[in-house]
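These notes concern the structure reproduced below.
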Amino acid sequence: AQSVSQHNHHVILSEAASLELGCNYSYGGTVNLFWYVQYPGQHLQLLLKYFSGDPLVKGIKGFEAEFIKSKFSFNLRKPSVQWSDTAEYFCAVNPTGGGNKLTFGTGTQLKVEL
Amino acid sequence: EPEVTQTPSHQVTQMGQEVILRCVPISNHLYFYWYRQILGQKVEFLVSFYNNEISEKSEIFDDQFSVERPDGSNFTLKIRSTKLEDSAMYFCASSEYRGEQFFGPGTRLTVL
């Protein structure tokens, strides 16, 4: 069975600081990888996804993530955060060619201070 | 932009009662899902549905749960006899194909 670990549960940053949120997964085969964001009071929205190809993927709102297969990692980055990035961030995986169920990490609560 | 909708936004029920949570997936999507998130815990997969049948379910999805697509637009999750531990946020999602899933705003279920 697959599992996802997000090691940073709470992160507090000042505006303009750089962000990196860790995500590691455990699964014996190939996976699709996702980062979802949940802004306060809103539903889960897709930030970016990786299916295949270039391991550096760019998403919405200036976010990017890098898939490092050897490390089973898919870390989320943003060079300069804004107050409006305050939200909860979830990493998720599902196996390629298999069932569609998404396995989520526990989430990282990001607070950006002015 | 098309979106997944869910009703009600908040449901309060007594233990042992039946509840039905409703979802309207994006119209051209073929795969439908239910997830739940107990307060302070991770989002957990419950069930996926394709071609009018369950394609995958988790161990959480026991005989108390059922899903249905009663017409061409709605997708429902029924809990027959609610327990206190069923209190959670329930998210519906849909996808056009295997891959990106679009989530609804969720229904907060409170079992008293």
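Numbers restart at 1 for each chain; the letters A, B, ... are given by sequence-line order, proteins then strands.
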I'd like to check [X] versus [Y] (side-chain heavy atoms, cut-off strictly below 4.5 Å). Are they in contact?
X      : Y      : result
B:E56  : A:N100 : no
B:F103 : A:Q42  : no
B:F91  : A:Q38  : yes

Could you pull out every donor-acceptor pair under 3.5 Å between side chains of residues 7-18 of chain A and any protein atom, sequence neighbours left out?
from	atom 1	to	atom 2	distance (Å)
A:N8	OD1	A:G22	N	3.3
A:E15	OE2	A:W83	N	2.9

Just wondering, more than 12 heavy atoms not from [X] lying within 6.0 Å of its [atom1]?
X     : atom1 : value
B:K57 : NZ    : no
B:L39 : CG    : no
B:D63 : CG    : no

Say whether [X] and [Y] are linked into one hydrophobic cluster, either directly or through other cluster members, by side-chain heavy-atom distances under 4.5 angstrom.
X      : Y      : answer
B:V24  : B:L77  : no
B:I60  : B:V111 : yes
B:V47  : B:F49  : yes
B:F102 : B:Y33  : no
B:F65  : B:Y31  : no

Would you mind telling me which of A:Q6, A:H43, A:K49 has the largest number of heavy-atom pairs within less than 4.5 Å of chain B?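 Greatest number of close heavy-atom pairs with chain B: A:H43.
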
Measuring from [X]:[atom1] to [Y]:[atom2], what's the distance to the nearest 0.5 Å?
X      : Y     : atom1 : atom2 : value
B:K42  : A:S3  : NZ    : OG    : 7.0 Å
A:K101 : B:E44 : NZ    : CD    : 10.0 Å
B:E100 : A:N94 : CD    : CG    : 11.5 Å

Could you please state which residues from residues 105-114 of chain A sit under 4.5 angstrom from chain B, measuring non-hydrogen atom to non-hydrogen atom, sorted by number, or 'none'?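 The stretch touches chain B at A:G105, A:T106.
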
Verify whether the ring centers belonging to B:Y35 and A:F104 lie closer than 6.0 Å.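 Judged by ring-centre distance (under 6.0 Å), B:Y35 and A:F104 do meet the cut-off.
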
Which atoms of A:L44 approach chain B - backbone, side chain, both or neither, heavy atom under 4.5 Å: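 For A:L44, backbone and side chain are both near chain B.
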
